[in-house]
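Once you've had a glance at the structure underneath, I'll fire off some questions.
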Amino acid sequence: MPSIGLGVFQTPPHETRTAVEAALATGYRHVDTAAAYGNEREVGDALRAAGMARDEVFIETKIWISDYGYNQTLHGFEKSAAKLGVDRIDLLILHQALPSAFEKTLQAYRALESLLDQGKVRAIGVSNFMVDHLTALLEKATVVPAVNQIELHPYFQQRAVQTFGAEHGILTQAWSPIGGITFYRNGSHGSTLEDPVIGGIARAHGKSPAQVMLRWHLQRGRSVIPKSTKPHRIAENFDVFDFDLTGSELAAIDALDTDQRGGPEPTEITLESFGREIPEA
Ligand code: NDP
């Protein structure tokens, strides 16, 4: 899996094709979408328009909680694959744990294991799984999730989840890697883009705050999926391979953790409050 992918959460369908095309032109070879984002079809349109061989681009998508359950999740794969216009998905993950209906979550994961077994997906994983959810999953799973995609930026680093992942061979993938959730949700802890420590490091390297945060993730061994709809930012977020942060700069960013989550609390996700129908292809 390429270490940097383009995220498309909140990218409206009519802007998705342009954003993905800009990313592919820049050099991205990985896109992270989700059934719940409503733009899988437009991601597929962009991939076809770029005319690239299927195995040149890594496609990651997510099954929404309303499609959990063994058969429902198998069908969820069919819906996503058809919208994306592909036979095989590179990485298919469960979008959230359903703590109050964990048996359903396990059935959904068993469906991912079957899809893996059948070669319909190349890898499987999870998202927003906390240590308790991962522990319960590993008790029943036959395949260790390749990836756990979690909220992770300088102001919220989830060290216990990262450590658990590292101990079990689960790659941590950072969502809101440049802290999007800290500013687009009007978070109480301000914008990571305006953080003085990050700004100082950025000036020292002649880079932007976003580039410094992405570099920090990569040097800490994480996968990142920054989102932008703007070609110049899409390019900026990919231009992070020509500098290195020092050990003390990495440590200074590690020290910015506020332990305050910006996104929904994963233990409180229920079908009643977050369920919604994912349309057929
Ligand atoms: P990001 O940290 O990627 O930040 C995105 C925000 O930053 C947007 O407002 C974007 O605006 C802006 N931006 C992007 N690049 C720059 C830049 N170089 N300088 C300044 N501003 C910039 O947050 P997201 O929450 O979007 O997370 C990224 C991806 O993670 C999502 O798209 C999705 O794929 C995934 N995700 C997964 C979740 C999950 O539950 N599994 C939850 C949330 C996200 P603009 O577009 O106008 O440039």
Side-chain angles (χ1 to χ4, degrees), residues 1-7 9 27-32 58 60 91 93 123 125-131 133-134 144-183 187 189-228 233-234 236-263 266:
M1 179 173 74
S3 54
I4 300 188
L6 179 76
F9 174 48
Y28 289 70
R29 292 294 179 268
H30 173 189
V31 181
D32 175 67
F58 190 96
E60 173 174 0
L91 174 59
I93 66 180
V126 295
S127 175
N128 299 307
F129 272 48
M130 302 293 97
V131 170
H133 310 140
L134 291 170
V144 175
V147 163
N148 186 18
Q149 183 184 117
I150 55 172
E151 179 183 345
L152 212 169
H153 46 75
Y155 290 171
F156 190 59
Q157 301 184 21
Q158 310 217 58
R159 289 223 175 75
V161 186
Q162 287 199 63
T163 302
F164 187 94
E167 285 168 0
H168 292 84
I170 304 168
L171 177 71
T172 297
Q173 184 173 57
W175 70 251
S176 272
I178 61 168
I181 193 103
T182 67
F183 47 93
H189 41 38
S191 168
T192 45
L193 290 171
E194 284 153 22
D195 184 275
V197 171
I198 297 170
I201 297 172
R203 277 191 298 281
H205 289 275
K207 288 287 184 177
S208 70
Q211 289 171 322
V212 165
M213 286 186 264
L214 294 169
R215 187 73 211 165
W216 165 72
H217 286 293
L218 296 180
Q219 287 184 230
R220 288 295 191 217
R222 295 185 286 267
S223 155
V224 287
I225 42 169
K227 172 263 178 186
S228 179
R233 287 179 172 172
I234 289 171
E236 175 185 325
N237 295 344
F238 200 68
D239 180 19
V240 293
F241 295 103
D242 60 352
F243 71 113
D244 277 311
L245 299 176
T246 64
S248 58
E249 287 168 338
L250 294 172
I253 303 174
D254 290 341
L256 297 176
D257 195 2
T258 64
D259 207 23
Q260 272 188 65
R261 187 183 294 284

- Task: List the atom of Met1, the atom of Ser223, and the distance in Å for their closest heavy-atom pair.
- Result: CE-OG, 3.5 Å
- Query: Do any N or O atoms from the side chain of Gln260 and from the backbone of Tyr155 form a donor-acceptor pair under 3.5 angstrom?
  - Reply: no
- Atom of Gln157, atom of Ile253 and distance for their closest heavy-atom approach: NE2-O, 3.2 Å
- Answer yes or no: is there a side-chain heavy-atom contact under 4.5 Å between Arg261 and Ile181? no
- Query: To the nearest 0.5 Å, what is the distance between OG1 (Thr192) and NE2 (His153)?
  - Reply: 7.0 Å
- Any residue meeting salt bridge (charged side-chain N to carboxylate O under 4.0 Å, His left out) with Arg29, in chain and number order, not counting sequence neighbours: none
- Message: Main chain of Gly263, side chain of Glu151: is a donor-acceptor contact present, judged purely on distance under 3.5 Å?
- Response: yes
- Query: Looking at residues at least two apart in the chain, or sitting in another chain, which of them share a side-chain hydrogen bond (donor to acceptor under 3.5 Å, both in side chains) with Asp32?
  - Reply: Lys62, Gln149
- Query: Among Val161, Asn148, Ile150, whose side chain to side chain contact (heavy atoms under 4.5 Å, CB included) with Thr172 holds?
  - Reply: Ile150
- Taking the side chain as every heavy atom from C-beta outward, state whether Phe241 and Ile4 have any pair of such atoms under 4.5 Å apart. yes
- Query: Please walk me through it: do Asp257 and Gln158 pass side-chain contact (heavy atoms from CB on, under 4.5 Å)?
  - Reply: CA-CA 9 Å; Asp257 195 2; Gln158 310 217 58; over 6 Å; no
- Whether over 12 other heavy atoms sit under 6.0 Å from Arg203 CZ: no
- Message: Just so I know, are the side chains of Asn237 and Tyr28 near enough to count as touching, which here means a heavy-atom distance under 4.5 Å?
- Response: yes
- Query: What is the minimum heavy-atom distance between Met213 and Pro177, and which atoms define it?
  - Reply: CB-O, 4.0 Å
- Do Leu214 and Phe238 have side chains that get closer than 4.5 Å, going by heavy atoms? no
- Spell out, as yes or no, whether a donor-acceptor pair under 3.5 Å connects the side chain of Gln211 to the backbone of Glu236. yes
- Least distance between heavy atoms, Gly5 atom then Pro226 atom: O-CD, 3.2 Å
- Message: Quick check for you: to the nearest 0.5 Å, what is the distance between Trp216 atom CH2 and Leu250 atom CG?
- Response: 9.5 Å
- Query: Given the rule in the side-chain contact (heavy atoms from CB on, under 4.5 Å) test, do Trp175 and Leu152 qualify, once you have shown the distances and angles that lead to the verdict?
  - Reply: CA-CA 6 Å; Trp175 70 251; Leu152 212 169; over 6 Å; no
- Query: Shortest non-hydrogen contact from Ser127 to Ile93?
  - Reply: CB-CD1, 3.9 Å
- Nearest atoms (heavy-atom pairs only) where Asp195 meets Val197: OD1-N, 2.8 Å
- Item | Ring geometry between His168 and Phe164 (parallel below 30°, tilted from 30 to 60°, perpendicular above 60°) | parallel
- How about Ile225 and Phe9: do any of their side-chain heavy atoms sit closer than 4.5 Å? no
- Point-to-point distance, once rounded to the nearest 0.5 Å, from CZ of Phe58 to OG of Ser3: 11.5 Å
- Quick one: does His205's side chain get under 4.5 Å of Glu249's, heavy atoms only? yes
- Is any side-chain heavy atom of Leu134 closer than 4.5 Å to a side-chain heavy atom of Val126? yes
- Check whether any side-chain N or O of His30 sits under 3.5 Å from a backbone N or O of Pro2 as a donor-acceptor pair, and report yes or no. yes
- Query: Do Leu6 and Ile234 come within less than 4.5 Å of each other through their side chains, counting heavy atoms only?
  - Reply: yes
- Output all residues satisfying salt bridge (charged side-chain N to carboxylate O under 4.0 Å, His left out) with Asp242, sequence neighbours left out; order by chain, then residue number. Lys207
- Query: Rounded to the nearest 0.5 Å, how far does NE2 of His217 lie from CG of Leu245?
  - Reply: 11.5 Å
